[in-house]
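Notes to accompany the following structure.
Since this is a predicted model, take the numbers as computed values, not measurements.
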Amino acid sequence: MSGNSQSRDVFDAIADPTRRRLIRLLAEAEEKALHELTAQFPMGRTAVSKHLKILKEAGLVLDRKVGRETRFRLNASPLREVQDWVAFYSKFWSTNMLRLNQLLEEEED
């Protein structure tokens with residue numbers, strides 16, 4: 001298996017809808033072969049491979065050779081960075097909405 005050396009930004013890797021869909025497909029299965037993934041898209045094997053390469057560079061996908069076939073699986077741990085970023089802003093908006101509600105209640109009184 002390939003290592004988890006992250007040479008690409010996770011946010012960059014998940015910016016594309018095709019790559020997000022690949023992540024979803026891999027999350028739903030333990031492992032998938034390239035031809036199984038390619039069958040899910042209206043594009044060729046080369047295009048899907050390029051998307052998988054970007055995900056691999058971000059540490060989101062691991063691959064292994066089984067004979068002539070390459071099999072892929074999700075490594076979701078780099079998504080924690082995204083989760084942490086979203087959690088910060090979720091807290092930010094919750095706090096601001098609470099303040100807004102308090103101001104609105106004060107105006108009603």
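- Ion pairing between Glu31 and Arg71 holds under the 4.0 Å rule for side-chain N and carboxylate O.
- Expressed to the nearest 0.5 Å, how far CD of Glu30 lies from CG of Leu74 amounts to 12.0 Å.
- Summarising the local packing, CD of Glu28 is surrounded by more than 12 heavy atoms from other residues, nucleotides or ligands at distances under 6.0 Å.
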Taking distance alone, no hydrogens or angles, what donor-acceptor pairs closer than 3.5 Å link side-chain atoms of residues 34-45 to residues at least two apart or in another chain?
residue: Glu36; atom: OE1; partner: Ala33; partner atom: N; Å: 2.6
residue: Thr38; atom: OG1; partner: Leu34; partner atom: O; Å: 2.9

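- Atom-to-atom distance recorded for Ile54:CD1 and Lys50:NZ is 9.0 Å, nearest 0.5 angstrom.
- Atom CZ of Arg20 has more than 12 neighbouring heavy atoms from other residues, nucleotides or ligands inside a 6.0 Å radius.
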**Request:** Decide side chain to side chain contact (heavy atoms under 4.5 Å, CB included) for Leu52 and Phe72; before the verdict, give the C-alpha distance in whole Å, the side-chain angles of both, and the deciding distance to 0.1 Å.
**Result:** CA-CA 9 Å; Leu52 287 165; Phe72 296 90; 3.7 Å; yes

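- Both Leu55 and Leu26 are assigned to one and the same hydrophobic cluster, defined by single-linkage of ILVMFWY side chains at heavy-atom distances under 4.5 Å.
- Under the ring pair (Phe, Tyr, Trp, His ring centres under 6.0 Å) criterion, Tyr89 pairs with Trp85, not counting sequence neighbours.
- To the nearest 0.5 Å, the span separating CG on Asp9 from CD on Glu57 amounts to 12.0 Å.
- Both Leu60 and Val86 belong to a common hydrophobic cluster when Ile, Leu, Val, Met, Phe, Trp and Tyr are linked at side-chain heavy-atom distances under 4.5 angstrom.
- Thr70 is linked by a side chain to side chain donor-acceptor pair (under 3.5 Å) to Lys65, counting only residues two or more places apart in sequence or in another chain.
- Ile23 contributes atom CD1, which lies 11.0 Å from atom OG1 of Thr18 (distance to the nearest 0.5 angstrom).
- Counting heavy-atom neighbours within 6.0 Å of Arg21 CZ, excluding the residue itself, gives a total above 12.
- Grouping the Ile, Leu, Val, Met, Phe, Trp and Tyr side chains by contacts below 4.5 angstrom, directly or via other members, places Phe88 with Val10.
- Taken from CG in Asp63 to NZ in Lys56, the straight-line distance is 3.5 Å, to the nearest 0.5 Å.
- When atom types are taken as modelled, the side chain of Asn75 and the backbone of Gly59 share a donor-acceptor pair closer than 3.5 angstrom.
- In the hydrophobic clustering of ILVMFWY residues, with side-chain heavy atoms under 4.5 Å counting as a link, Val82 and Trp93 come out together.
- When atom types are taken as modelled, the side chain of Arg19 and the backbone of His51 share no donor-acceptor pair closer than 3.5 angstrom.
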